[in-house]
Trainee: 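The structure follows.
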Amino acid sequence: MEVAEFLLEEAMDEQLETQERMRQPVAFLAAEVGDIMYYHQCLHQPDASQFVEAIIKEVNGHVDCGNWELIPKSAVPEGVPVLPSVWAMRRKRDLVTNEITKHKARLNLHGGMQELGVNYFATYAPVVTWFAIRLVLVLSIINNWHMRQIDFVMAYPQAPIECD
């Protein structure tokens with residue numbers, strides 16, 4: 001029984017420590033910065049294989065949805081510029097236990113080099129303000145509404161695009 005009590009006490013201490021770190025959001029974020037990296041950095045990490053799997057999942061997701069068509073660089077017509085891109089890698093962690101829950105990979109294009117009518121036809125980025133989120137949360141508490149979080153996988157790339 002003493003061992004179980006010790007383990008319970010240790011778990012409670014860790015939870016309190018995490019809660020205390022979260023009171024200072026800037027400091028808490030700085031502690032998590034090591035989980036965000038570029039492609040060349042993630043390859044030198046002990047969990048590099050999970051990052052490679054995340055890259056494969058990201059590429060396959062775009063190909064399967066018809067967002068991308070993979071072609072060899074040699075097949076790009078002469079004089080057509082290839083937009084520079086960078087892989088952004090991230091470890092997602094459980095806020096309470098700090099355990100790694102997911103490895104994510106996102107390919108980001110250099111948006112400033114895209115040309116209207118060539119690389120894109122319109123821009124639209126719906127966003128929600130923090131005020132609106134807080135308002136809905138407060139209303140749900142006041143009215144005793146049930147809230148649910150939903151994660152839409154590849155939500156933006158799957159949005160309908162109307163073009164000729």
Side-chain angles (χ1 to χ4, degrees), residues 14-15 18 21-22 25-137 139-140 145-164:
E14 285 179 24
Q15 186 174 8
T18 301
R21 286 189 308 147
M22 290 171 63
V26 175
F28 184 70
L29 176 64
E32 304 298 325
V33 166
D35 287 342
I36 300 171
M37 63 197 83
Y38 293 109
Y39 177 76
H40 69 279
Q41 294 169 319
C42 81
L43 292 181
H44 298 292
Q45 300 295 314
D47 52 353
S49 63
Q50 280 123 334
F51 282 116
V52 171
E53 289 175 17
I55 290 171
I56 292 168
K57 182 178 178 183
E58 174 78 356
V59 171
N60 287 341
H62 283 290
V63 170
D64 293 344
C65 289
N67 300 322
W68 293 353
E69 181 181 334
L70 295 178
I71 59 170
K73 197 169 184 177
S74 60
V76 176
E78 191 173 319
V80 175
V82 176
L83 296 175
S85 60
V86 63
W87 280 104
M89 318 303 274
R90 182 170 186 192
R91 291 184 192 103
K92 299 285 234 169
R93 293 184 180 267
D94 183 295
L95 284 176
V96 177
T97 63
N98 206 31
E99 292 180 15
I100 298 171
T101 58
K102 185 190 279 189
H103 290 75
K104 294 192 82 162
R106 291 290 178 259
L107 185 63
N108 302 303
L109 291 179
H110 189 307
M113 297 186 72
Q114 296 183 19
E115 295 179 42
L116 180 62
V118 176
N119 306 112
Y120 70 98
F121 302 100
T123 58
Y124 177 70
V127 293
V128 177
T129 64
W130 280 109
F131 174 79
I133 292 171
R134 289 183 184 118
L135 178 63
V136 170
L137 290 173
L139 288 173
S140 69
W145 296 338
H146 295 280
M147 299 291 289
R148 181 178 295 172
Q149 176 183 339
I150 301 173
D151 184 16
F152 292 97
V153 178
M154 298 184 76
Y156 289 110
Q158 292 187 40
I161 299 173
E162 296 177 13
C163 62
D164 296 328

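Note that this is a predicted model, so its numbers are computed, not measured.
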Trainee: Check L109 against S85 and note the closest heavy-atom contact, atom names and distance.
Mentor: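 Distance-wise, the nearest heavy atoms are CD2-CB, 3.6 Å.
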Trainee: Please output the side-chain donor-acceptor pairs of residues 126-137 that fall under 3.5 Å, not counting sequence neighbours, one pair per line with the distance.
Mentor:
residue	atom	partner	partner atom	Å
T129	OG1	A132	N	3.1

Trainee: Evaluate M37 against Q45 for side-chain contact (heavy atoms from CB on, under 4.5 Å), listing each step before the verdict.
Mentor: CA-CA 10 Å; M37 63 197 83; Q45 300 295 314; 3.6 Å; yes
Trainee: Work out which heavy atom in L43 is nearest to a heavy atom in A48; give both atom names and the distance.
Mentor: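 What the structure gives for the nearest pair is O-CB, 3.7 Å.
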Trainee: Among residues at least two apart in sequence or on other chains, which ones pass side-chain contact (heavy atoms from CB on, under 4.5 Å) with N108?
Mentor: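 Partners of N108 under the side-chain contact (heavy atoms from CB on, under 4.5 Å) test: V86, A88, R106.
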Trainee: Is a side-chain donor or acceptor of S140 paired with a backbone partner of W145 at a separation under 3.5 angstrom?
Mentor: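 Not confirmed, S140 side chain does not pair with W145 backbone.
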Trainee: Give, for atom NE2 of H103 and atom OG of S49, the distance between the pair rounded to the nearest 0.5 Å.
Mentor: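 Going from NE2 on H103 over to OG on S49, the span is 8.0 Å.
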Trainee: Going by the salt bridge (Lys or Arg N to Asp or Glu O under 4.0 Å) test, which pairs reach into residues 36-56, not counting sequence neighbours?
Mentor: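 Matches after skipping sequence neighbours: D47-R91.
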Trainee: Do you know which two heavy atoms are closest between H44 and H40, and how far apart they sit?
Mentor: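 Scanning both residues, the minimum pair turns out to be CD2-O, 3.0 Å.
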Trainee: Of the options K104, R90, R93, which is the one that meets D35 in a salt bridge (Lys or Arg N to Asp or Glu O under 4.0 Å)?
Mentor: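 Testing each of K104, R90, R93 against D35, the sole residue satisfying salt bridge (Lys or Arg N to Asp or Glu O under 4.0 Å) is R93.
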